[in-house]
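These notes concern the structure reproduced below.
All values below come from the heavy atoms of this structure, side chains included, with hydrogens, waters and symmetry mates left out.
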Amino acid sequence: MNPSSSGNPETGSGSESEQIYQTVLHNIDEGLILLDKGYRIRMVNQFLLKVLKMTEDEVLGEVCYKLIHRREERCYDCAVAETFQTGRPSRVCHTGIAKDGSITNVELTSFPIFDEEGNVVHVVEKAHEITEKIESAEQLKIFRQFAESSGQGMGMGTLEGDVVYMNPCLYQLLGEKSAEESYKKKFYSYYPEDAQEKLREKIMPTVMLTGQWTGETTLLTVDGAKIPALENIYLIRNDNGAPRYIAMVISDLREQKRAEEERRNIAKRVEQNQKLVSLGRLAGGISHDFNNILQNILGFAALLQDNAAAGSKDAHYLDIIAKSTKRGHDLITQVLTFSRQSRSNKKPILLESVIDETLGMISSTIPRNVVVEKKIGTTELVVNADPSRMGQVIMNLLINAIHAMPDGGTMRVALSTCYSASEDETDDLADDVQFPCAKLSVFDSGTGMDDSAKQQIFDPFFTTKKPGEGTGLGLSVVYGIIKDHGGAISCVTGLHKGTAFHIYLPIIRNEVVTTEEKALIPLRGNERILFVDDEEPIVEMMTESLETLGYDIKAFCDSEKALEEFRNKPESFDLVLTDHMMPGLSGIDLSREIISIRPDIPVLLYTGYDPSIASGSKLPGISAILNKPVEISEVSRAIQEAVNRNR
C-alpha cells in the first residue's frame, strides 16, 4: 500500500487500477487502517468505520490510541509500535471503543510499509473482530467451571462411543483416578452387560430420534460395583445440524434408593406393628372367655381323673383332655406373648438347666433317625429370664429342627460365651448386642431355606410347613420373647444347607440361682373360703374340688351378694378367692370393699386375662394373682401360702 496514492474512489481521482484497488479495500470484511510514525490515521476502510460507528472525516488525521482506545498515551503492548521498531509484523488483542461507547474486541495485526531505503514509514493494521469468539470462550470457561464443581456427574462422548470429557464428580463416581484415564475407554464400558444392551437397543435410538432421553440406569465402576443412577442423555449437533456428540448428566441414586428402602422398611414395620396391635386386641378379647372354658375342661377332667381307675381307658382319655387343655392355653399364651401382652416372671437362671429340662421333655418325641448332640462350652452361664418362656424358645427351635429333617439328620444344641462380634463368624450380630453375652445355638442338617423364606421367618403366621402342620406363630413368639429379654436372634441358612438359629442374651454375674421348686401337689386344709365367680360351671367345679381337699366353701355367682354375705359375717371366712372380670362389682372392686371391712383377710384374685393386671404386680391387699386355667394343686398351694402368712 502506497500512502501517496490513497485517494477516494468516489472522487474519481487516481488511475482506474487504483480505483479498483480502493473498491476492494473498502469492501473487504476486515478493518484496515494506515498509520504514520505519529500514530495518526492516514487511511481507513469502510468496514472499520462501521465497527467504530464513525465517518471518514472523524477518523482521518486522528491519533489511533486517543480515538479508538480512548487513551492519552500509546498502548504499552501496541503492535504498531513494535512493527515500527522491528520492521516485522506483530499481533495483539485489544478492545476498541466505538463512537457510541460500545466496546468491540479485536485482534490487531500490523504490517510494515518501507520506503526505497528500507525504512518503515507507515504501518498497515488489520483489525479482526473477535467479540463473539471471546464471548464463546468466556462462556466455555464458565461452563467448565460449573461442570468441574458440579455435584452431578457430567460427561461427553463421540457417536462412536469414545469418552471425550468427564467432570471430577463422574470419574470419581466411576472409580477412575482422573478424567484422562476415562479418555482411553468407551463410555459403554461403564455399564453392566444388560444395561449396555438397553443403551444400544433402546436408549441411543431414542436419543438420535428425539435428541434426549431421561431414565434410570445402572453404572459399573472400575471395581465392578453397580451404582443405580438417573441419567439425562442429550444429542449435541454441529453448526450444520449434524449429530456430533452425546452429552450425559448423571445423578447417583444410592442415597435415594437407601432412603426409599428405609421408608419401605418403616412402612412395613408400621404395618407389622398395626397387625400386632390388632392381634393383641383380638387375643386379649378372647383370652378371658377362652381361659374360662379351659378352666372348666381342666377342672372337671381333674375331678373325673380322681375317680378313674389307674391305667384304664377313661384315665387315658382324661389325660389326653388335660394335655389338650394345656396345649390350648399354650396357644393363647403364644399369641399374647407375641403381642407382648402376657406377663413375664424373670429371674436369674442357668441356661444349661433349661436346655437339659427341655431336651428331657421332648426326648420321647425325637425320631430315631435324628442324632442329638449337646455342646456346652461354658457352664454356670446365668441370665435374667423367665424359665418357662426360655423353655418355650428352646422347645420351638428344637421342634422346628426336627420337622426340618423328615428323613433324619443331626440336631445340635450349643451353649457358649461370646466375647466380641469379631469372634462370631456365623452371621452379623444385631447392633444392640452387648458383649460378653451368652450364645445359645440350635443347628439342624435339614432342608434349609432360601433367601425369600429367611426374610419372613419371624413374621407372624408365616410358616414353611404344610397346611395344618403349624400356626406360623412359633418363631414370631421366639423373636418376641428374646427381644423382651434384651437379646437378639439371627438365622443362618441356605437351601439344602441346613439351618442354625443363634440367640444372644445378656449375662448376669454374681447372682445366686435357686433351682428348688415346691412340688405342685394338692394341699389339704380346713379353711373357710368365700368363693366368687360369675361362671356357674366354674363355681360348681371349684367348689367340689376344694371341698374334696377338706376346705369349707361358700360360693356365689353374684359378687354383690357375696359382698353382702361378707358384711354380715366378716369373721366367718379365713380367705376370699374371687374371679376378676365379673358383672357388677369386679374382682378388684370386691376385694377393696372386703379389705376395707376386714384388712387382715387374705384375698386371692384369679383371672382369665386382663391387661390392667397383666404385669403380675400385686395389687394392694391382694395376696396373689392366679391365671386361668389353673390346676387345683396350684390353687390349694396359693391358699396355704396366703393363710400361713397371716398366722
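Of the possible donor and acceptor atoms, none in the side chain of Thr221 sits under 3.5 Å from a partner among the backbone N and O of Gly175. Here the side chain of Asn45 pairs a donor or acceptor atom with the backbone of Leu32 at under 3.5 angstrom. In this structure, the side chain of Asp115 does not engage the main chain of Val121 through any donor-acceptor pair within 3.5 Å. In this structure, Thr493 contributes its side chain and Met449 its backbone to a donor-acceptor pair below 3.5 Å. Between the Ser110 side chain and the Ala79 main chain, a donor and an acceptor come within less than 3.5 Å of each other.
The OG atom of Ser416 sits 10.5 Å away from the CG atom of Leu351 when rounded to the nearest 0.5 Å. Separation of atoms CD1 (Ile203) and CD1 (Ile246) is listed at 11.5 Å; rounding is to 0.5 Å. Rounded to the nearest 0.5 angstrom, Ile250 CD1 and Ile227 CD1 are separated by 10.0 Å.
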ask   = Yes or no on ring-ring contact (aromatic ring centres under 6.0 Å, His included) for His502 and Phe443, after CA distance, side-chain angles and deciding distance?
value = CA-CA 9 Å; His502 303 287; Phe443 303 83; 5.5 Å; yes
Applying side chain to side chain donor-acceptor pair (under 3.5 Å), run through Gln152 and Ser251 and close with a yes or a no. CA-CA 5 Å; Gln152 287 187 308; Ser251 300; 2.6 Å; yes
Between Glu261 and Arg258, does a salt bridge (Lys or Arg N to Asp or Glu O under 4.0 Å) hold up when you go through it step by step?
-> CA-CA 5 Å; Glu261 181 66 21; Arg258 278 193 286 266; over 6 Å; no
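For the side chain to side chain donor-acceptor pair (under 3.5 Å) test with Glu176, the passing option among Tyr183, Tyr171, Tyr190 is Tyr190; the others fail. Test Arg71, Arg74, Glu72 against Lys66 for side chain to side chain contact (heavy atoms under 4.5 Å, CB included) and you get one pass: Glu72.
Taking each heavy atom of Asp450 and Leu495 in turn, the nearest pair found is N-CD1, 4.0 Å. Here the closest heavy-atom approach between residue Gly215 and residue Leu230 is recorded as O-CD1, 3.5 Å.
Annotation: side chain of Pro112 is not in contact with side chain of Arg88 (no heavy-atom distance under 4.5 Å). For the pair Leu253 and Glu216, the minimum side-chain heavy-atom distance is below 4.5 Å.
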